[in-house]
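Working notes, beginning with the structure itself.
Counting starts at 1 for both ligands and their atoms, following the listed order.
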Amino acid sequence: MSKKIILSGIQPTGHLHLGRYLGAIQNWVKLQEDYECVYSIVNYHAMTMPYNPAKLRENVWDLCYNLLACGIKPENLSIQSLIPEHTELGWILGCMCSYGELSRMVQFKDKSEQVKVNDKDMFISSGLFTYPVLQAADILLYKADFVPVGKDQDQHLELTRNIATRFNKVVGKEYFVLPETIYTNLPKVMSTADPSKKMSASAGDKHNLNLFAPEDQIRKQIKSAVTDSGDRTDKMAPGVENLFAILAACGDLKIHEELLLSYHQQTMQYSALKDAVADAVIELIKPIQLEKERIVQDKKAIKEQIKQSSASIRLRAQQTLQEVKELCGLI
Ligand code: TRP
């Protein structure tokens, strides 16, 4: 039996931090063993918010090196703008998606507010509004069975299934499979500086642990992590919970268990927990950092390789688009 297909997309914005790695990329790497995977660096999506062209280009390639360093296989990696079928299918699907559906997207509401907060003279692009249609195209173009994404993308996945269903109805054929979200038990990593916030690059440097930061910076950031105000109540404070979650997610289960026990016995020092977390994080990211050092020694070759892989992934996209155009009465 042929392998099931996985597709996921990642925006080339901000740097790769521990939350993104533990919450998504590590899982992407594992999925490559059992599925046929297409991972797309979605640079068209990154233009939907105010952006800087030179920075976008730089971010795309840097993300490329970073993903490869994490263990994404080059043949599974593509750049969205090198495969014009994404936008072409996006147009077709846009005609099968209602204005009302797009108006209900929570991410659109959040992000359009963000645009105004950052700069009140900035406009909200129509690309931001139709963003979920392009995402549906990314997924349906490869007839993906599964899409590994976080909970925040549920609404976009639901919309993708609605668009696929409508398409099938219009053309009178069960052409698109309805993609499902892959749910895995991934940790939600919070900011160490403010554990009420999700770890993210956009919130600022102190709110995320950059996977490629030097060791002393990582140690310093973890040392200054917010824990609790001293009075330990029955319920673990969010900052402490987050440190334990990071420790477990980095795979140090034995130390995790020992520290948890002493925490409950009220004998644990927070400095011991922080040291353990820092050690675990460093151990996890060291080989990734070394691999990146190796990769960036020949950027030209890597760029060539990803252009090649995008070209071969494109062949599949072209096949789908040909069929879609025939079904839609366009050719
Ligand atoms: N919207 C996704 C995010 O913000 C990124 C994305 C774009 C995506 N296209 C996709 C995710 C296709 C999964 C599949 O994270």
**Message:** For Glu323 and Gln319, which I'm curious about, is there any donor-acceptor pair between the side chains at under 3.5 Å?
**Reply:** yes
Legend entry - Whether Phe244 and His256 hold their rings parallel, tilted or perpendicular, with breakpoints at 30° and 60°: perpendicular
Side chains of Asn66 and His15: donor-acceptor distance under 3.5 Å anywhere?
no
message: Please say yes or no: joined through hydrophobic side-chain contacts below 4.5 Å, possibly via intermediate residues, are Leu67 and Val42 part of one cluster?
response: no
Discussion item. Is there a side-chain contact between Met190 and Ser196 in this structure, where contact means two heavy atoms from C-beta onward sitting under 4.5 Å apart?
Written reply: no
For ligand 1, protein residues within the heavy-atom limit of under 4.0 Å are Leu7, Ser8, Gly9, Gln11, Val42, His45, Tyr131, Gln135, Asp138, Ile139, Val147, Val149, Gln153
| query | What orientation do Tyr39 and Trp28 show, parallel under 30°, tilted 30 to 60°, or perpendicular over 60°? | reply | parallel
